[in-house]
Amino acid sequence: MAYIDFIRTAVQESLEKLYGNTGETLDIQITPTKPEFEGDYTVVFFSLLKVLKKRPDELGNQLGEKLLELYPDTFAGFNVIKGFLNLTFTHNALTAFLKNNYGNEGFGRKPETDRTVMVEYASPNTNKPLHLGHLRNIFLGWSMAEILEANGFKVVKSSIINDRGIHICKSMIAWKLFAGGATPESTEIKGDHFVGDYYVKFNDVYQEQIAELVAGGMDKKQAEKEAPIMKEAQDMLLKWEQGDEEVRSLWAMMNGWVYEGFDSTYKRIGVDFDKVYYESDTYLLGKEYVQKGLEENILFKKPDGSVWIDLADVNLDEKLLLRGDGTSVYMTQDIGLAVEKYKDYPLEKSIYVIGDEQLYHMKVLKEICRKLGFSFADEIFHLSYGMVELTTGKMKSREGTVVDADDIVEEMVQTAATLTAELGKVEGSTEEELKQLYETLGLGAMKFYLLRVDPKKRMVFDPKESIDFHGFTGPFVQYTYARIRSILRKSALRPEEITIGQDVEYEKLERELTLLLETYPNVLADSARDMNPSLIAGYVFSVAQLFNSFYTEHSVLKAESSEKQNLRLALSVCTANILKSALHLLGISVPDRM
RNA sequence: GGCCCCGUAGCUCAGUGGAUAGAGCAACAGCCUUCUAAGCUGUGGGUCGAACGUUCGAAUCGUUCCGGGGUCACCA
């Protein structure tokens, strides 16, 4: 049992022994003791004073003494200040934890169960390459999947690829008109970038044509509709829907290029999916449920034949589900896909990693599913995250300020290479090892940077700050790990030969580190409960920080006694295990040296 | 305009009912014959957007206001 839970139970028991069962549930808060006070954990008992009709020092002292009496092996002492009871653990209580867990690489993880959840993330369009915003989405999704798995869930990582629609038709028509048969192979351009270039080309030509029409006296709105290239794109979409062979094969070819590009990016950043849905397969699925809803009078038809749902009763407005011509809209498709997911897997929860600009859309989706009678409606969870902005403001594709995913990853890896070369600590490594190290560090920096912030909040991406590998960063934590590995390589004792003496004493930093390491299982549980990887980033940083203080203050290999050396080795092994485990949950790997 | 989110140190962010509000970066002063200095130690830096309220206790909860953002498409 975690220390904090143990204390809660012990306090409850002590209070009952002291004052009997009051019949009320007592609200007891337990927090780590602030560094300026003496103690390890603090019981905050202000709220009990009124119920038990006691004075603070009276209640605090009685409770403290009872705890010492009942658990002499656990509590060594206490002090009372106002409504705070500060408790100090015995050395043996610390040792009990360390002994049982220091060598356990899976410390904090819960055993696997059959409870299954799906995490949908990435979900790109196929008309342009991934950008920085996608990276936040992807790292978040990947990390949440890992965190849920560590908490005992079976996790299905999924993605819905928006592979059809007017957007890809724009790239297609531009390619047809201007590429002259060029391919990613012939131009040596990565497939997704190649297709994205034609999307940009489309827009350039489109703007020119609008300008021409307006110059010729046409109204701007009219011009936007009349521009020939736009008409051609729309014509292509129509042909696609009719199954026109030529259009379909062009579509398949260009999407194929994009997938090759995406796959190489996914591979480099180390993410994958268990199940990929394609919009071209699923976009018609929602219609039957809309039809059924119409028959059951949950939905209604307007005179023009369009189908709507009225959400006024839950403070939302009317929402279109089928156009007058019977074609489906985005929402219709999402209903279909939501059902499909539950047909494919026995899901307890269906998590969607989607930007917060779609909060309203997801709220409506959930509400419609509920009205249509789907039992899973309440288990749809929108893991929303804020936009990534630049120090200069928002990313805007029209202004060319979009940070490309491949570019930024490459830049981080290059930074890692430059920095490593400057420091010159890994001489003697092979080319292959160095290349691997740069990837580990560059991606570690990138992922940590994007995951260290609360997902719900929008964040600012500062290129200067992102390539700083000091302080609250991935490389800082990785460095701490590498330092420990270095100690362990030089140690005469192997981790499994460590023995911690029963009455070994803990100095301040040893004690603090032990207490912090012990809370890891709770951090793991909290991050799953809150759907928030940044809790792990914050934790892993504080562990690394504290270990570095300990490392500077106390020598492990030249400890003053063999008893001390064993203790410090155990602390080092335990720290390394937790750093590795926690970083893994953020998708970050660790180097043996750096 | 309706609804939702945000406002904490120069900058980027922690802290959602408890003690004198924290960290990183930036600034300044120190620490490498000692297990990796991508590190450590210290200093300066805040009317927690504003006001009122609830509470023994408020950055945290409530109301109002100010400032910033999102969204409310027969777009995806």
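Below, all heavy atoms of this structure are taken into account, side chains as well, without hydrogens, waters or symmetry copies. Proteins come first, then strands; the chains are lettered A, B, ... in the order of their sequence lines, and each starts at number 1.
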Base partner of [N], which must satisfy Watson-Crick or wobble distances under 3.5 Å:
{"N": "B:G1", "value": "B:C72"}
{"N": "B:U60", "value": "none"}
{"N": "B:U54", "value": "none"}
{"N": "B:C65", "value": "B:G49"}
{"N": "B:A21", "value": "none"}
{"N": "B:A29", "value": "B:U41"}

Among side-chain atoms of [X] and [Y], is any donor-acceptor pair under 3.5 angstrom?
{"X": "A:Glu120", "Y": "A:Tyr277", "answer": "no"}
{"X": "A:Asp356", "Y": "A:His382", "answer": "no"}
{"X": "A:Asn548", "Y": "A:Thr480", "answer": "yes"}
{"X": "A:Asp163", "Y": "A:Asn255", "answer": "no"}
{"X": "A:Asn86", "Y": "A:Thr42", "answer": "yes"}

- [ ] Nearest-nucleotide wise, let me know which of A:Met459 and A:Gly324 is further upstream toward the 5' end of RNA chain B.
- [x]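 Checking each residue's closest nucleotide, the 5'-ward one belongs to A:Met459.
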
Open item on the list: Go nucleotide by nucleotide along RNA chain B from the 5' end; which of A:Arg458 and A:Lys558 gets its closest nucleotide reached first?
Closed with: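 With A:Arg458 and A:Lys558 compared, the 5'-side residue is A:Lys558.
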
TODO: Evaluate the ring pair (Phe, Tyr, Trp, His ring centres under 6.0 Å) criterion for residues A:Tyr278 and A:Tyr259: first the C-alpha distance (whole Å), next the side-chain angles of each, then the deciding distance (0.1 Å), finally the verdict.
DONE: CA-CA 12 Å; A:Tyr278 295 90; A:Tyr259 299 149; 5.8 Å; yes

Task: Base orientation of B:C32, syn vs anti, 90° cut from 0 - done: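 Because its glycosidic torsion lies within 90° of 0, B:C32 adopts the syn conformation.
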
Task: Between C1' of B:U34 and CZ of A:Arg568, the distance in whole Å - done: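 Atom-to-atom, A:Arg568 to B:U34, this comes out as 14 Å.
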
Open item on the list: Walk along nucleotides 18-26 of chain B from 5' to 3' and tag each nucleotide B, S or - by protein heavy-atom contact under 4.0 Å, base first, then sugar-phosphate.
Closed with: BB---SBS-

